[in-house]
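The model shown is predicted, which means the values in this text are computed figures rather than measured ones. Residue numbers start at 1 and run along the sequence shown.
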Amino acid sequence: MDFRPLDKTIRKIFDGDNTYKIPNFQREFSWEKKNYREFLTDLLDSMNITFKEEQGINYNEHADYFFGTILLVGNETNPKVEEPYIVVDGQQRLTTMTIFIAAVKSIIEEMDSSYLTSFSEALLVRYKRRGKELESARLQNKALEPVLPVNILNVSHTRENGLHHLANSESQDWLLESYEEFKKLLGKSSLLKLIFGNAKYYSKINDNEYIQLLESIGNQLLKSTVIAIYTPDEKSANIIYRNFNSRGVPLTNVDLIKNELFSILDNTTESATTLWNSMSENIYACGTDMKKYLYHYMVFKKYVSTEAQVYDQFMKKVDATEKEYSNFLKDIHKKSEYYRDFINLPDNLKLFGKNNFFNTDNNFTVKKRLKFIKDTELEQVRILLLRLFDSIYKNKISSSNFKKILSITVKHQILHLIAKSSPNTLSSHYRKYLDKFEDSSTIKKEIIDFEEDFKKKIPSKEQLIKNIHSFNYSKGEKTKQIKETAILKQILIELSLNRQKDINKGNNGTEFIFNSTIEHINDYAKDMEFGNNLGNLLLLEQSKHFNNKPKDEMYDASDITMTKDFSKIVKEFLGDEEKIRERSEELIVEFYDLVQKGVK
């Protein structure tokens with residue numbers, strides 16, 4: 001294997017006609033906030049910066065800083081602007097160098113636009129073609145375009161000319177956050193605290209001295225050392241890459257599988273890139289990450305049961321041929337659309353051959369229950385939803401059976417949420433039925449078994465009674481508040497549906513129950529120990545709520561049977577905390593019995 005390692009300064013890496021291209025198989029850019037601070041702290045420590053009033057700022061101009069290793073494909077002795085080096089490993093390093101220097105440059109320019117530095121030459125390469133002077137970014141990464149060249153690097157003054165782009169992927173979000181985080185850390189007060197432990201010298205260091213300090217820090221990075229390994233071909237580089245272990249962020253299963261796919265697939269038409277990027281955008285759009293989705297997909301395919309198995313099982317289960325890798329990529333992309341849809345729940349979603357499915361017949365109940373799964377972060381249910389959506393699009397499950405499975409799942413998950421069961425308690429249950437819900441001929445029987453198997457895992461009534469008092473209604477937006485409020489409201493919805501008389505099941509006949517709001521029986525809940533517990537809550541249509549009406553009159557006017565019936569006894573509960581506490585326990589027992597009875 002032919003390769004050539006060389007010690008180089010970053011200034012030499014970002015010099016002359018050197019340009020670098022991040023290939024499609026490289027990992028997504030994904031630093032965390034602690035990484036930015038650690039990187040800057042290490043760099044500052046290497047400079048040994050001091051301050052004395054009579055001398056100003058001093059630092060060790062001869063200090064060296066090692067910034068790791070990069071693995072490149074290309075001829076080290078003959079760089080060409082339009083033939084960039086292929087970066088096989090080192091994307092995180094090169095991207096971090098770029099946005100850090102860009103952040104330093106930006107702050108200096110904002111403070112004094114006439115102050116000249118060499119940072120533009122490090123970030124951008126200028127060259128002449130056909131009588132024109134052109135400019136491009138030294139670091140090229142399609143996954144980060146146009147945010148990197150426009151928003152951050154301002155190539156050809158595009159930003160100054162009014163262009164600005166929003167992030168359209170998780171990587172681009174991370175990139176912009178990293179850039180802003182570096183600018184925040186490099187702010188005068190923050191920077192002095194990092195260097196000296198506090199900002200006591202803030203007033204003693206003038207703006208010009210601060211600008212010179214920033215320039216020194218940027219130059220310290222540029223004179224830092226990297227080991228650049230040059231290989232003549234991608235095959236050799238990929239072998240090294242798979243076994244590479246250096247200072248950067250460890251390779252994830254997503255990185256490894258992406259690298260493997262693109263090492264085999266013919267991507268001359270950009271087809272594979274388009275599919276991968278589209279899948280990434282689908283996952284980004286639903287607020288989750290590729291690592292989680294890939295694990296859920298592999299469980300859905302019955303390849304793995306734990307996250308640690310993902311890459312090894314991919315290598316075992318998927319033949320390393322262009323055909324099989326292409327089929328895998330197409331399938332994982334298709335399932336990412338299902339994943340996005342059952343999390344984002346777009347109104348115009350087409351299911352069971354019906355456009356705007358959620359807005360037809362009584363199908364809003366599907367959306368409401370899927371939203372409950374999202375709000376309560378029941379991520380283990382997603383493997384089941386992948387199976388159900390796949391069966392829907394293959395016409396292997398009816399709308400009514402889909403609704404039944406969803407109803408059973410939500411009811412049982414509520415009990416486990418109240419009991420605070422481990423998320424893994426039901427994972428094996430969902431995996432068991434991945435195959436069974438694929439066979440349309442036996443699905444009715446399998447639904448019965450699905451519910452009976454659920455009942456074998458049901459928490460005890462005593463545990464539910466004990467825990468119900470720790471769940472509180474809130475209008476807050478913290479994760480715990482959203483989750484507990486969703487649980488309490490869903491219990492009231494399910495109980496109200498069970499007690500409801502004269503339901504018109506078609507034409508959204510129960511929508512008024514799902515769309516009702518939470519009503520406090522005792523209004524001043526914060527003054528009561530159990531004021532935000534289940535026992536002090538019930539459902540009421542927004543149109544039936546009047547502040548100037550007595551509670552019993554308001555509730556009597558409700559079309560929700562459970563609420564209307566409660567109007568006869570509401571006065572017994574006003575101001576009586578013990579009655580409220582008892583009602584919490586009675587309602588959770590009633591819900592427990594409802595779940596035990598099963599879905600009809």
Side-chain angles (χ1 to χ4, degrees), residues 10-11 13-15 18-23 26-33 35-37 39-40 43 67 70 81 84-85 87 90-113 115-127 134-187 190-191 211 214-215 217-222 224 248-249 277 280-281 284:
I10 293 172
R11 193 181 295 279
I13 293 291
F14 285 162
D15 189 26
N18 293 324
T19 56
Y20 303 90
K21 180 181 178 182
I22 310 296
Q26 266 282 16
R27 72 181 79 176
E28 308 293 328
F29 181 72
S30 57
W31 261 29
E32 299 176 4
K33 285 190 177 182
N35 298 126
Y36 317 135
R37 183 177 291 272
F39 160 72
L40 181 53
L43 187 63
F67 201 52
I70 57 175
V81 172
Y85 292 110
V87 181
Q91 182 248 28
Q92 303 281 346
R93 294 177 184 80
L94 289 170
T95 306
T96 301
M97 296 173 198
T98 298
I99 60 175
F100 180 79
I101 295 297
V104 171
K105 175 175 176 285
S106 176
I107 296 173
I108 291 174
E109 289 175 347
E110 288 168 7
M111 295 194 68
D112 184 354
S113 59
Y115 193 96
L116 301 178
T117 70
S118 62
F119 299 143
S120 288
E121 288 74 15
L123 297 172
L124 306 172
V125 58
R126 294 180 177 89
Y127 56 100
L134 303 176
E135 184 176 79
S136 67
R138 287 197 184 276
L139 185 65
Q140 300 161 23
N141 186 344
K142 285 195 174 184
L144 300 180
E145 294 176 0
V147 166
L148 178 59
V150 176
N151 296 33
I152 295 176
L153 299 181
N154 191 27
V155 173
S156 301
H157 305 286
T158 46
R159 188 176 64 218
E160 294 166 17
N161 294 332
L163 282 179
H164 181 82
H165 298 275
L166 298 175
N168 61 24
S169 71
E170 193 172 14
S171 288
Q172 291 186 15
D173 247 349
W174 267 321
L175 183 79
L176 290 176
E177 286 175 11
S178 301
Y179 177 63
E180 293 301 326
E181 185 67 17
F182 274 138
K183 290 188 71 174
K184 179 180 174 182
L185 290 171
L186 290 165
S190 298
L191 182 59
I211 288 173
L214 287 173
E215 183 181 24
I217 293 169
N219 284 330
Q220 174 66 14
L221 177 63
L222 289 177
S224 298
V249 178
N277 289 345
S280 297
E281 288 169 13
Y284 171 77

Open item on the list: To the nearest 0.5 Å, what is the distance between CD1 on Ile152 and CD on Glu180?
Closed with: 8.0 Å

Open item on the list: Closer than 3.5 angstrom, by distance alone: can the side chain of Glu135 be matched with the main-chain N or O of Ser156 as a donor-acceptor pair?
Closed with: yes

Open item on the list: A side-chain contact here means heavy atoms from C-beta on lying under 4.5 Å apart; do Ser178 and Thr96 qualify?
Closed with: no

Task: Non-hydrogen atoms of Lys183 and Ile107 that approach each other most closely - done: O-CD1, 3.7 Å

Open item on the list: Rounded at 0.5 Å granularity, tell me how far CG in Asn151 sits from CG in Leu175.
Closed with: 9.0 Å

- [ ] For Leu124 and Ala137, work out which heavy atoms get closest and say how close.
- [x] CD2-CA, 4.1 Å

Task: Check: Leu94 main-chain N/O paired with Thr98 side-chain donor or acceptor under 3.5 Å - done: yes

Task: Tyr36 and Phe100: CA distance, side-chain angles, deciding distance, ring-ring contact (aromatic ring centres under 6.0 Å, His included) verdict - done: CA-CA 9 Å; Tyr36 317 135; Phe100 180 79; over 10 Å; no

- [ ] Mind checking the CE-CG spacing from Met111 to Leu214? Nearest 0.5 Å is all I need.
- [x] 8.0 Å

Open item on the list: Looking only at the side chains, is there a donor atom on one of Gln220 and Ser224 sitting less than 3.5 Å from an acceptor on the other?
Closed with: no

Open item on the list: Donor-acceptor check, side chain of Gln172 to backbone of Ala143, threshold 3.5 angstrom: yes or no?
Closed with: yes

Open item on the list: I'd like to check Leu43 versus Phe67 (side-chain heavy atoms, cut-off strictly below 4.5 Å). Are they in contact?
Closed with: no

TODO: Give the minimum heavy-atom separation between Ile99 and Tyr179, together with the two atoms involved.
DONE: O-CD1, 3.8 Å

TODO: Taking the side chain as every heavy atom from C-beta outward, state whether Val147 and Leu144 have any atom pair closer than 4.5 Å.
DONE: no

TODO: State, yes or no, whether a side-chain contact exists between Val125 and Asn18 at a heavy-atom distance under 4.5 Å.
DONE: no

- [ ] Flag the pair Phe14 / Leu139 as yes when at least one side-chain heavy-atom distance between them is below 4.5 Å, and no otherwise.
- [x] no

- [ ] State, without any angle test, whether Asp173 and Tyr284 hold a side-chain donor-acceptor pair at a distance under 3.5 Å.
- [x] yes

- [ ] Using modelled atom types only, decide if a donor and an acceptor are shared between the side chain of Tyr20 and the backbone of Ile13 within a distance under 3.5 Å.
- [x] yes

Task: Under 3.5 Å: donor-acceptor pair, side chain of Ser106, backbone of Ala102 - done: no

Task: Test item: Arg138 and Met97 side chains (from C-beta on) under 4.5 Å apart, heavy atoms - done: no

Open item on the list: To check you understand the geometry: which heavy-atom pair defines the closest contact between Ile70 and Gly90, and what is its length?
Closed with: CG2-CA, 3.9 Å

- [ ] Check whether any side-chain heavy atom of Glu215 lies under 4.5 Å from a side-chain heavy atom of Val104, and answer yes or no.
- [x] no

- [ ] Calculate, to the nearest 0.5 Å, the distance between atoms OG1 and CG belonging to Thr95 and Asn141 respectively.
- [x] 6.0 Å

Open item on the list: For a side-chain contact (heavy atoms from CB on, under 4.5 Å) check, start with the C-alpha distance between Leu40 and Leu186, then their side-chain angles and the critical distance, and finish with the verdict.
Closed with: CA-CA 9 Å; Leu40 181 53; Leu186 290 165; 4.1 Å; yes

Task: Among Leu221, Asn219, Leu153, the one residue meeting side-chain contact (heavy atoms from CB on, under 4.5 Å) with Ile101 - done: Leu221

TODO: Would you indicate whether the side-chain heavy atoms of Glu109 and Thr117 approach each other to under 4.5 Å?
DONE: no

- [ ] Please indicate whether Lys21 has more than 12 foreign heavy atoms, meaning atoms of other residues, nucleotides or ligands, lying under 6.0 Å from its NZ.
- [x] no

Open item on the list: Determine whether a donor-acceptor pair (N or O, by modelled atom type, separation under 3.5 Å) exists between the side chain of Glu181 and the backbone of Glu177.
Closed with: no

Task: Interatomic distance, Ser171 atom OG to Leu148 atom CG [nearest 0.5 angstrom] - done: 11.5 Å

